[in-house]
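What follows is a short report on a single structure.
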Protein chains: 2
Amino acid sequence: MYEEILDVAEELFMKQGYSDTSTRQIAKILGITQPNIYYHFKNKETIYYQVMRRLSNEVGKNLTELSAKATSFEEKILAMAFYLQQRHPFSLFMMMHDIQHTLNSETAEKMFTLWSDSYKKPFLDVFANEKQIRISVDSEFAVRQLFILISAYLDSPEERRKENLKQSVQLFFYGVLN
Amino acid sequence: MYEEILDVAEELFMKQGYSDTSTRQIAKILGITQPNIYYHFKNKETIYYQVMRRLSNEVGKNLTELSAKATSFEEKILAMAFYLQQRHPFSLFMMMHDIQHTLNSETAEKMFTLWSDSYKKPFLDVFANEKQIRISVDSEFAVRQLFILISAYLDSPEERRKENLKQSVQLFFYGVLN
DNA sequence: GTCTATACCCAGATAGAC
DNA sequence: GTCTATCTGGGTATAGAC
């Protein structure tokens with residue numbers, strides 16, 4: 001049951017965010033009672049943390065794998081962006097907001113560490129090996145910018161999600177001005 | 001009282017988002033009772049809409065003014081971005097999420113129209129008059145990308161907010177690659 | 001492990017007195 | 001216009017039986 005709860009919770013947290021997802025709702029989908037969840041988890045916050053821990057592990061592994069497979073800088077970044085979009089159909093901004101404003105600060109800090117290691121680091125590694133980057137561009141900053149852009153296309157509902165993300169990343173590569 | 005309620009509601013909606021702001025909280029700050037609010041507004045959703053209507057009007061006017069004052073493309077865009085950052089200390093993403101997932105679809109549509117007219121249009125006008133934009137770049141798309149970036153620096157808590165936003169916009173102008 | 005029952009709190013909204 | 005009282009419904013969490 002433990003893993004099933006995490007499965008359902010992951011989906012709902014992704015779609016609705018932390019506060020708009022209730023333990024009742026999770027229980028209902030699983031066909032169990034709401035208090036039952038409290039046999040498996042101390043409280044709602046630890047469910048959230050465990051969901052994110054599991055997800056981060058998976059994402060970190062897959063991002064690193066993908067970056068090894070592709071050859072050029074642009075291909076690596078695009079492949080990683082597409083993966084995040086497909087695995088993560090929700091806004092990272094919502095997540096960040098939840099983390100900062102709803103969870104207690106101890107949990108928040110642990111979640112930020114998860115993100116740095118699993119999401120940010122694979123991208124930073126790719127940037128570190130690329131020679132064609134403009135000298136005035138700071139890699140840390142650029143990776144953060146890239147995440148902002150990718151995040152915006154995670155919960156976009158339309159059919160053209162993937163092409164939009166591609167167009168966005170290309171704009172990120174080459175800018176708007178001549 | 002009507003305007004006072006909107007003042008307080010604006011601040012709270014900005015900081016906390018729609019669902020995490022309660023009518024009780026608004027009332028308490030104003031020193032009135034919670035049901036009193038329902039004399040002035042039909043329900044919570046109309047408060048949100050009126051807050052956004054008032055804000056959009058102001059923002060639309062000021063963005064247009066600012067774009068007229070500055071001379072170069074880069075200066076115009078930066079001035080408008082700084083204004084949004086200073087007037088809007090909250091995440092537009094949170095707002096978009098609230099609009100799409102919490103409000104009823106009729107209200108959502110009206111709010112989207114507000115945004116198109118007051119926020120997007122002034123930027124589109126600036127892009128329309130600029131000759132240095134790369135031919136493969138679509139203005140609509142670029143403006144949306146710019147909003148994504150600006151939004152990310154609205155609720156950033158740090159001291160370096162303004163410099164970060166500037167750096168971000170510059171990356172948007174020139175890209176990461178040579 | 002899963003259940004029922006329930007405590008407690010907070011939300012949005014309405015009725016009706018003043 | 002603002003109040004008190006209250007309805008209804010939702011939330012997290014705990015106690016204790018099976």
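Order of the sequence lines fixes the chain letters, A, B, ..., with proteins taken first and strands second; residue numbering starts at 1 for each chain.
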Nucleic acid contacts - residues 99-106 of chain B versus DNA chain C, non-hydrogen atoms under 4.0 Å:
none
Check this for me: does any side-chain nitrogen of one of Glu10(A) and Arg54(A) sit under 4.0 Å from a carboxylate oxygen of the other?
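Answer for the salt bridge query: yes.
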Does the distance from a Lys or Arg side-chain N to an Asp or Glu carboxylate O, for Lys166(B) and Glu163(B), drop under 4.0 Å?
no
How close or far is atom [atom2] of [N] from atom [atom1] of [X], stated in whole angstroms?
X        : N       : atom1 : atom2 : value
Lys44(B) : dC10(C) : NZ    : C1'   : 12 Å
Ile47(A) : dT12(D) : CD1   : P     : 9 Å
Asn43(B) : dT14(C) : CG    : C1'   : 13 Å
Lys28(A) : dG11(D) : NZ    : C1'   : 15 Å
Ile37(A) : dA15(D) : CD1   : P     : 18 Å

Please state whether the phosphate of dT14(D), meaning OP1 or OP2, lies under 4.0 angstrom from any side-chain nitrogen or oxygen of Tyr38(A).
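No, no such contact exists.
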Is it true that atom CD of Glu109(A) has more than 12 heavy atoms of other residues, nucleotides or ligands lying nearer than 6.0 Å?
no
Is it true that, when you exclude Glu106(A) itself, more than 12 heavy atoms of the residues, nucleotides or ligands shown sit nearer than 6.0 Å to its CD?
no
Kindly give the atom pairs (protein nitrogen or oxygen, nucleotide nitrogen or oxygen) under 3.5 Å for nucleotides 2-4 of chain C.
{"unit_1": "dT2(C)", "atom_1": "OP2", "unit_2": "His40(A)", "atom_2": "NE2", "d": "2.9"}
{"unit_1": "dT2(C)", "atom_1": "O5'", "unit_2": "Asn36(A)", "atom_2": "ND2", "d": "3.2"}
{"unit_1": "dC3(C)", "atom_1": "OP2", "unit_2": "Thr33(A)", "atom_2": "N", "d": "2.9"}
{"unit_1": "dC3(C)", "atom_1": "OP2", "unit_2": "Thr33(A)", "atom_2": "OG1", "d": "2.9"}
{"unit_1": "dC3(C)", "atom_1": "OP2", "unit_2": "Asn36(A)", "atom_2": "ND2", "d": "3.1"}

Row check, [Y] ring normal vs [X] NZ/CZ: under 6.0 Å, within 45°:
X         : Y         : result
Lys120(A) : Phe147(A) : no
Lys110(A) : Tyr49(A)  : yes
Lys44(A)  : Tyr18(A)  : yes

Where along residues 9-25 of chain A does a heavy atom come under 4.0 Å from DNA chain D, residue by residue in number order?
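Thr21(A), Ser22(A), Thr23(A), Arg24(A), in order of number.
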On the 0 to 90° scale, with breaks at 30° and 60°, tag the Tyr48(A)-Phe13(A) ring pair as parallel, tilted or perpendicular.
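If you compare the ring of Tyr48(A) with that of Phe13(A), the planes turn out perpendicular.
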Angle class for the Phe73(A)/Phe173(A) ring planes (parallel below 30°, perpendicular above 60°, tilted otherwise)?
tilted
Any side-chain donor-acceptor pair under 3.5 Å between Arg134(B) and Ser136(B)?
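Indeed, the side chains of Arg134(B) and Ser136(B) share at least one donor-acceptor pair under 3.5 Å.
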Centroid separation Tyr119(A) to His88(A) less than 6.0 Å:
yes
